[in-house]
Amino acid sequence: MTKRLTEVARKAGVSEATVSRVLNGRGGVSESTRTAVLTALDVLGYERPTKLRGERARLVGLVLPELQNPIFPALAEVVTGTLAQRGYTPALCARTIGGVPESDYVEMLLDHQVSGIIFAGGSYALAGASHDHYRRLTDRGLPVVLVNAGVDALDFPRVSTDDAVAVEQAYGHLRSLGHERIGIVLGPEDHVPSRRKLAALARIAGWADPDECVERSSFSMEGARVAAAKLVDRGVTGVICASDVLALGTIRAVRRLGLSVPGDVSVVGFDDSAFMTCTDPPLTTVRQPIETMGQAAVNLLVTQIDGVGVLRDELLFEPELVVRGSTAPAPRR
């Protein structure tokens, strides 16, 4: 008990006596100090006293699929900063291969009495994945916001980039450069944002049977290399990718085939994540408005927490094409 009091007091910036008064439900403590002590208790992983467990902490979970893709740390920076400005303590949960699954993170966050959770790139975006842990959150009435497209069965507020507009911008750019054989590297077949991109591209390009111009991959450079090589072998001169990571894998694939980017094949990414200006060549990509989306996600979550009401419609944000060195006029055959 003494060790716990000392650690909580240090974390909250108060005396051990103040911590003791809060944990024992005594008076003489301001609401802001009381909140700071309870939040410190939650962050340090200590259980609240039984009489205090009914109250949620000013703790908000942010669950990410990974941190290797630079777009997710960028989103985390915006969300955690905005939460702190609103008086909430962020709890970052990033999954790793063979690590803690998303469902286990949900259980951990519930044990810590979080006020709400923001998910980005989770299994909600995969139609074939299990969604039971999301339904648990619905049953508990916990405020939740999803970043980017998810399955329709989950009735959570969503903040998404407009995938159709992103594909229109990328395709229009390549067509303006004279490319006629344009392909796309997407995520798995049941990945909802990838489905949206494919539907938009099939409509714009007038594809009756898109199989020849579509390859799927895990969201990794290694997977993209295999997928993109197949497209290039079929004569594609312009490749649209569902992420910057896939685009970098596509550039590697082109070079391994003895060709050049953009001399032989033009490549367009999606995200405009960090360091895309430093690649060789600098990557043409469709920028997600991460700062605006992250702030909107926090605002939606806090609105739910405050009980003001919630907008169930999906908020769509328009992306922006950023032209750099990985695209050029189509090669003359």
Side-chain angles (χ1 to χ4, degrees), residues 68-75 161-187 193-194 197-198 200-201 204-205 213-215 217-293 317-333:
Q68 290 182 324
N69 185 333
I71 199 65
F72 292 115
L75 176 66
T161 299
D162 194 322
D163 289 301
V165 171
V167 167
E168 288 171 6
Q169 292 177 347
Y171 183 78
H173 174 60
L174 291 174
R175 288 290 294 173
S176 73
L177 293 171
H179 293 273
E180 296 181 358
R181 289 283 291 173
I182 297 172
I184 189 167
V185 177
L186 296 169
S194 292
K197 289 181 176 70
L198 178 56
L201 185 54
I204 298 163
C213 298
V214 177
E215 286 295 334
S217 165
S218 61
F219 282 97
S220 67
M221 283 194 285
E222 294 75 19
R225 282 209 307 262
V226 175
K230 295 177 182 178
L231 291 177
V232 175
D233 283 342
R234 295 179 198 139
V236 164
T237 64
V239 182
I240 300 169
C241 301
S243 77
D244 289 344
V245 171
L246 294 181
L248 295 179
T250 296
I251 291 173
R252 286 189 179 183
V254 173
R255 287 175 174 164
R256 285 198 172 189
L257 291 170
L259 303 173
S260 70
V261 175
D264 298 299
V265 179
S266 288
V267 178
V268 182
F270 177 78
D271 283 336
D272 194 27
S273 46
F275 310 120
M276 292 305 105
T277 58
C278 304
T279 59
D280 180 23
L283 186 67
T284 294
T285 186
V286 180
R287 176 182 294 158
Q288 292 200 70
I290 288 298
E291 184 169 355
T292 306
M293 291 172 62
F317 289 78
E318 186 159 337
E320 175 188 1
L321 177 70
V322 181
V323 179
R324 299 193 182 105
S326 66
T327 51
R332 294 181 180 181
R333 300 299 187 189

For residues [X] and [Y], determine if any side-chain heavy atom of one lies less than 4.5 Å from a side-chain heavy atom of the other.
X      : Y      : answer
Pro289 : Thr161 : yes
Ile182 : Cys213 : no
Asp163 : Lys197 : yes
Ser326 : Pro281 : yes

Listed by chain and number, what are the side-chain contact (heavy atoms from CB on, under 4.5 Å) partners of Val323, not counting sequence neighbours?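 Testing Val323 for side-chain contact (heavy atoms from CB on, under 4.5 Å), a comparison that skips the adjacent residues, returns His173, Thr284, Leu321, Thr327.
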side-chain contact (heavy atoms from CB on, under 4.5 Å) partners for Ser220, two or more places apart: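 Testing Ser220 for side-chain contact (heavy atoms from CB on, under 4.5 Å), a comparison that skips the adjacent residues, returns Ser218, Glu222.
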Any residue meeting side chain to side chain donor-acceptor pair (under 3.5 Å) with Thr292, in chain and number order, not counting sequence neighbours: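 Partners of Thr292 under the side chain to side chain donor-acceptor pair (under 3.5 Å) test: none.
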To the nearest 0.5 Å, what is the distance between [atom1] ([X]) and [atom2] ([Y])?
X      : Y      : atom1 : atom2 : value
Leu198 : Ile184 : CG    : CD1   : 6.5 Å
Met221 : Ser243 : CE    : OG    : 10.0 Å
Asp162 : Gln169 : CG    : CD    : 9.0 Å

If a pair satisfies side-chain hydrogen bond (donor to acceptor under 3.5 Å, both in side chains) and one of its residues is in residues 175-185, list it, with sequence neighbours excluded.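 Residue pairs passing side-chain hydrogen bond (donor to acceptor under 3.5 Å, both in side chains), neighbours aside: His179-Thr237, His179-Ser266.
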Does CD in Glu291 sit with more than 12 non-hydrogen atoms of other residues, nucleotides or ligands closer than 6.0 Å?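 Atom CD in Glu291 is not packed in, count stays at 12 or less.
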In chain order, what residues pass the ring pair (Phe, Tyr, Trp, His ring centres under 6.0 Å) check against Phe219, with sequence neighbours excluded?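 So Phe219 forms a ring pair (Phe, Tyr, Trp, His ring centres under 6.0 Å) with His191.
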Looking at [X] and [Y], what are the two nearest heavy atoms and their distance?
X      : Y      : value
Val185 : Ala227 : CG1-CB, 4.1 Å
Gly187 : Ser194 : N-OG, 3.0 Å
Ser217 : Gly223 : OG-C, 3.0 Å

Kindly state each residue pair satisfying ring pair (Phe, Tyr, Trp, His ring centres under 6.0 Å) with at least one member in residues 231-253, sequence neighbours excluded.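 The answer is none; no pair qualifies.
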Kindly list each side-chain donor-acceptor pair under 3.5 angstrom involving residues 246-259, sequence neighbours excluded, with atom names and distances?
residue: Thr250; atom: OG1; partner: Leu246; partner atom: O; Å: 2.9
residue: Arg255; atom: NH1; partner: Asp280; partner atom: O; Å: 3.1
residue: Arg255; atom: NH2; partner: Asp280; partner atom: O; Å: 2.5

Considering only distance and modelled atom types, tabulate donor-acceptor pairs under 3.5 Å from the side chains of residues 269-278, sequence neighbours left out.
residue: Asp271; atom: OD1; partner: Gln288; partner atom: NE2; Å: 2.6
residue: Asp272; atom: OD1; partner: Arg324; partner atom: NH1; Å: 3.1
residue: Asp272; atom: OD1; partner: Arg324; partner atom: NH2; Å: 3.0
residue: Asp272; atom: OD2; partner: Arg287; partner atom: NE; Å: 2.6
residue: Asp272; atom: OD2; partner: Arg287; partner atom: NH2; Å: 2.9
residue: Ser273; atom: OG; partner: Asp244; partner atom: OD2; Å: 2.9

